[in-house]
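Remember, it's 1-based here, ligands and their atoms both numbered in the order they're listed. Position 1 is the first residue of the sequence, and the numbers go up from there.
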Amino acid sequence: MKSLKERGAIFSGLGVKAIIHGMGTTTRYGGTMMHPEVVQSMVEASQCLVDMDELNHKAGEVVARATGAEAGMVCAGSAAGLLLQAAACMTGTDPAKIFRLPDTTGMKNEIIIHKAHRFHYDQAYRAAGAKLVEVGNPKVTQPWMLEEDITEKTAAIAYIIGPWFANEGTMMFGSYPALPLPQVLEIARRHGVPVIVDAASTLPPADNLQKFTRQGADMVIYSGGKGLRGPQSTGVLCGKKHLIEAALANASPNFAIGRGAKVCKEEIIGLLTALELYLKRDHEADMRNWRAQAQLIVDAVAEVRGIRAVVEQHDVNRGVPEAVLYFGKDWKGPSGMEVVAALREGDPPVYISQGGYSDEIWINPHNFVEGDAKLVAERLRAALLRKG
Ligand SMILES: *Cc1c(COP(=O)(O)O)cnc(C)c1O
């Protein structure tokens with residue numbers, strides 16, 4: 001592989017620096033790198049024009065097969081997927097309602113969401129005109145609380161799955177902030193209300209691509225530019241046939257709320273290629289590879305006194321093994337924040353994360369190419385020891 005300088009030339013021409021991205025698939029730093037096959041398929045898709053309705057439907061069939069859902073479509077990232085989920089559940093395929101959004105007067109327009117699941121992306125539901133109704137409190141939610149909140153105004157129940165959310169029955173402080181998804185699905189089914197799932201960042205592990213649909217979720221979204229390594233501006237939306245039809249009706253090329261979240265034909269083809277590659281991948285080998293890179297970083301700082309470095313792999317929702325550095329009480333060197341800043345200011349800039357309950361740093365090798373882990377390990381060691 002070419003050096004980062006060479007690969008980044010098109011950006012440095014603009015005065016933008018190429019970076020080493022050790023923060024997982026964070027959108028702000030470019031998400032992920034597409035596979036060359038993905039880019040190649042996009043170039044091919046750019047050579048002619050097609051009927052977009054036809055492409056949307058045929059692409060949806062591929063998404064459906066990959067996810068095990070009845071139907072699917074390619075959307076413009078998970079945030080657009082949330083918007084379309086909300087719109088679909090409120091309007092169905094009624095053209096009058098679709099044209100009226102985000103004005104939802106007279107429609108079923110409430111989306112129930114666990115208080116513990118409120119997050120920075122839920123504006124996407126509101127952008128469609130939905131009104132959020134919170135269930136439970138940050139510490140505990142009981143089944144009867146959800147039952148009580150379901151009314152004739154309920155359009156859907158939203159459920160967020162990710163490393164930062166209490167879900168799948170995660171117990172915190174001796175209680176359950178959110179009901180487990182299967183329980184939500186059971187309650188929703190009894191009331192005839194769809195459950196819309198945000199699983200944007202749950203790949204890897206690969207089996208999450210089918211898991212929530214198999215459990216009975218009505219619609220599920222995944223980001224195309226995170227674990228799947230497709231175009232960053234894409235997402236996978238899958239679910240029940242009538243709801244996907246409604247989502248497509250609310251999306252481009254129609255004059256609808258989703259028109260502003262258009263996906264072009266090159267991106268659709270790119271995402272399908274990424275999806276195909278993902279299904280064929282040796283995920284065990286990826287895991288071993290990431291673990292080895294995280295271990296290399298841990299080993300490089302193992303001797304630094306006052307720092308406890310370990311490889312950690314969080315639960316199912318944060319599948320990539322990471323190098324985590326905990327700053328001990330006896331640590332006298334620079335703070336985690338200072339170390340992170342030092343790495344960003346170096347050449348090339350290295351982006352890693354700081355945070356957690358105490359001072360800690362974590363490095364996610366998801367985006368590393370050959371040589372990156374070694375470079376990051378050296379830079380980290382130097383920053384901790386304040387050399388270079
Ligand atoms: C990343 C993320 C999104 C937004 O995804 P995009 O594809 O960037 O639009 C939404 N929800 C969750 C939980 C995410 O992690």
task = Check the pair Val63, Leu272 against side-chain contact (heavy atoms from CB on, under 4.5 Å), reporting the backbone distance first and the verdict last.
result = CA-CA 8 Å; Val63 167; Leu272 295 186; 4.2 Å; yes

query = Side-chain donor-acceptor pair under 3.5 Å between Asn250 and Thr91, yes or no?
reply =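 Yes - a donor-acceptor pair under 3.5 Å links their side chains.
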
ask   = Taking atom CZ of Arg190 as the centre, does the number of heavy atoms from other residues, nucleotides or ligands within less than 6.0 Å exceed 12?
value =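 Enclosed: over 12 neighbouring heavy atoms sit under 6.0 Å from CZ of Arg190.
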
At a 4.0 Å threshold, what atoms of ligand 1 neighbour a non-hydrogen atom of [X]?
{"X": "Ser223", "answer": "5 (O), 6 (P), 7 (O)"}
{"X": "Ser201", "answer": "1 (C), 14 (C), 15 (O)"}
{"X": "Thr27", "answer": "8 (O)"}
{"X": "Asp198", "answer": "10 (C), 11 (N), 12 (C), 13 (C)"}
{"X": "Phe119", "answer": "11 (N)"}
{"X": "Gly77", "answer": "7 (O), 9 (O)"}

ask   = Got a second to check how far Cys89's SG is from Lys108's NZ, nearest 0.5 Å?
value =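 Cys89 atom SG to Lys108 atom NZ measures 10.5 Å (nearest 0.5 Å).
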
Between ligand 1 and [X], is the shortest N or O to N or O distance under 3.5 Å?
{"X": "Ala79", "answer": "yes"}
{"X": "Gln232", "answer": "no"}
{"X": "Tyr121", "answer": "no"}

request  = Examine the proximity of ligand 1 to Lys226 and report which part, side chain or backbone, both or neither, has a heavy atom under 4.0 Å away.
outcome  =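 Under 4.0 Å from ligand 1, Lys226 contributes side-chain atoms alone.
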
request  = May I ask you to check if Arg229 and Tyr278 form a cation-pi contact, with NZ or CZ under 6.0 angstrom from the six-membered ring centre and within 45° of the axis?
outcome  =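 Ring-cation test returns no.
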
query = Which other residues belong to the hydrophobic cluster containing Phe11, where Ile, Leu, Val, Met, Phe, Trp and Tyr are joined when side-chain heavy atoms lie under 4.5 Å apart, directly or via other members?
reply =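 Its cluster mates, by chain and number, are Ile10, Leu14, Val16.
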
inquiry  = Over 60° means perpendicular and under 30° means parallel, so tell me whether Tyr125 and Phe119 are parallel, tilted or perpendicular.
reply    =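 Correct class here is tilted.
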
